[in-house]
Amino acid sequence: MLRRAMFRCGELCSRVFAVEFDLRAEPLYFTLSSSPQVLHHDHQRLFGDCGKLFSLHVQSENRIEKAQTHAQIKHKLSSTLSRDCDVFEASSFIPDDENSVVKGFFIRDKSTTTLSEELLNTLRQSKTVCMFSYKREGQYCWQELWSPVSPVKESVRQYITPATAAKHHPSTLNIRNSDVFYSMDEAYKVLQECTDIIPESKAVLKLVDEQLEISSGDAYPVIVIEGLDATGKTTLTEALRESLNATLLKSPPQCLTSFRQRFDSEPPLIRRAFYALGNYITAAHIGKESLRAPVIVDRYWHSTAAYAIATAVSGRVENLPRLDSELYQWPGDLLQPNLVLLLTVNPEERLRRLRDRGQDKTVEEAELELNQLFRLKVEEAYKRIQNPACIIVDASPSPQEVLQQVQRLIRNKCHL
Ligand SMILES: Nc1ncnc2c1ncn2[C@@H]1O[C@H](COP(=O)(O)OP(=O)(O)OP(=O)(O)O)[C@@H](O)[C@H]1O
Ligand SMILES: Nc1ccn([C@H]2C[C@H](O)[C@@H](COP(=O)(O)O)O2)c(=O)n1
């Protein structure tokens, strides 16, 4: 599967390229052809006569190396390039072909310096980076391939050919087992592959190995509370623990707290595998505790999947995997709760609660807008997850009213 996410000799012409030129719109799609093609208006805006144009893509047979190189390049581009350089997320893929995406960046340098070229020259030394440069020629634009070490002498010019939108946004093609894991084994394998570079992985795997899931037959109900930050999960779960005489658990579980910061700084592949394994440890705790009392869980698989999907999918809510996508299906080997409640509050109220808590006081406008897109995608992904789906709870009223509303739901659905 991973083998396909590489540029193969002679394969370039069957690939589509996508550049996230404007996050609120469709990406700009193009293919390559040997004969000149007139650019469309939108493509002219990207390839127009303003500066030097490059793209670079990260490819490697080793997925850990690929993920880390991509993250390092992203950081380098954003910290080194001048304000006159635009950097857009870019990808190349084979339409409808899972795991065919080669991720990268498109760089438009309008500066008079040679900084971008110097940086790209350094990056070109890496065998995992494949680079293209673009040149305008009248109404046409062509792309040329560069080798990791020096310009390819026999490199053929390929003309940019505007293409229509893909049926599935490219960022949805690589989600399975890169961002969201559908079995413990798949997440486990990722951490096994990083034990050399992240020694903490061994300790996490040991904790997973030590858990023995206990069957939940004849057990008390398990109720999961989900929602974005500051929607009131902690407040509600504490109140439910009291009122139901329940056990309160969290995912990730407490035994992973000391590792969380370390894995949060890793690229999505590693970070998401860590959270996925956290759910399996929590599942083992649920299995045990639910034999004694009702169990309330603060975040579980809905959070893991919704945040992972929303982060992996760039741009608009429309880019999310379709409603009926298998990507929203609960993993077959993960203990299912009896009830999942999703707390929602309007954005203004959520911001007020965050501010009251002393966070997010100086968020800039651009960030707010990006956050807004992200928040919409997380909420929508939460709502699309199936088996079990979540029930939406309006968490805007007072804590007491939210508690009463949830108690009624639990009585009706779980007979508690
Ligand atoms: N129903 C409510 N009405 C008004 N304020 C609330 C309500 N519920 C919680 N709050 C307040 O909003 C803030 C966030 O609540 P809480 O910590 O429970 O959210 P959370 O979902 O657990 O957040 P996080 O995921 O970031 O930990 C707190 O200051 C809390 O006192
Ligand atoms: N079961 C879980 C719990 C949390 N996460 C991730 C998703 C977010 O990035 C972040 C939110 O957690 P919080 O800051 O509210 O503690 O953690 C997850 O993937 N799976």
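Whatever order the structure lists them in is the order used to number ligands and atoms, beginning at 1. Only a predicted model underlies this, so the values are computations on that prediction, with no experimental measurement involved.
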Which option out of [options] puts a heavy atom nearest to [atom]?
atom: atom 30 (C) of ligand 1; options: L228, T235, D298; answer: T235
atom: atom 18 (C) of ligand 2; options: W301, Y275, Y300; answer: Y275
atom: atom 12 (O) of ligand 1; options: E401, E349, E238, R353; answer: R353
atom: atom 19 (O) of ligand 1; options: A395, G232, P397; answer: G232

Who's the nearest protein heavy-atom neighbour of [atom], and how far?
atom: atom 3 (C) of ligand 2; result: S251 O, 3.2 Å
atom: atom 15 (O) of ligand 2; result: R299 NH2, 2.8 Å
atom: atom 8 (C) of ligand 2; result: Y307 CD2, 3.5 Å

With heavy atoms of [X] as the reference, note each atom of ligand 2 found under 4.0 Å away.
X: N279; result: 1 (N)
X: R271; result: 9 (O)
X: D229; result: 15 (O)

Which of the atoms of ligand 1 are close to [X], meaning less than 4.0 Å from one of its heavy atoms?
X: P399; value: 1 (N), 2 (C), 3 (N), 7 (C)
X: T234; value: 17 (O), 18 (O), 20 (P), 22 (O), 27 (O)
X: A230; value: 14 (C), 19 (O), 20 (P), 21 (O), 23 (O), 24 (P), 25 (O), 26 (O)
X: R299; value: 25 (O)

Q | E193/K189 ion pair, N-O < 4.0 Å | A | no
Out of curiosity, is [X] lining ligand 2, as in a heavy atom under 4.0 Å away?
X: R260; answer: yes
X: P252; answer: yes
X: K250; answer: no

Between [X] (side chain) and [Y] (backbone), is there a donor-acceptor pair under 3.5 Å?
X: K377; Y: V313; answer: yes
X: S251; Y: P253; answer: no
X: N279; Y: T304; answer: no
X: T344; Y: V393; answer: yes
X: Y182; Y: L327; answer: yes
X: R15; Y: S92; answer: yes
X: S325; Y: P321; answer: no

Q) Are F17 and Y29 close enough that their ring centers fall under 6.0 Å? A) no
Q: Taking the six-membered ring for Trp and the single ring otherwise, decide whether the centroids of F105 and H70 are under 6.0 Å apart.
A: yes
(Q) Would T304 count as a polar contact of ligand 2, with the cut-off being nitrogen or oxygen pairs under 3.5 Å? (A) yes
Q. Hey, is CD on Q386 packed in by over 12 heavy atoms from elsewhere, all under 6.0 Å?
A. yes
(Q) Please report whether ligand 1 has a polar contact with S396, defined as an N or O pair separated by less than 3.5 Å (distance criterion only). (A) no
Q: Would you please say whether a donor-acceptor pair under 3.5 Å links the side chains of S396 and E349?
A: no
**Q.** D209 side chain to Y188 side chain, donor-acceptor N/O pair below 3.5 angstrom
**A.** yes
(Q) Counting only heavy atoms closer than 4.0 Å, does ligand 1 sit against the backbone of R357, its side chain, both, or neither? (A) side chain
Q | Min heavy-atom dist T231 to ligand 1 below 4.0 Å | A | yes
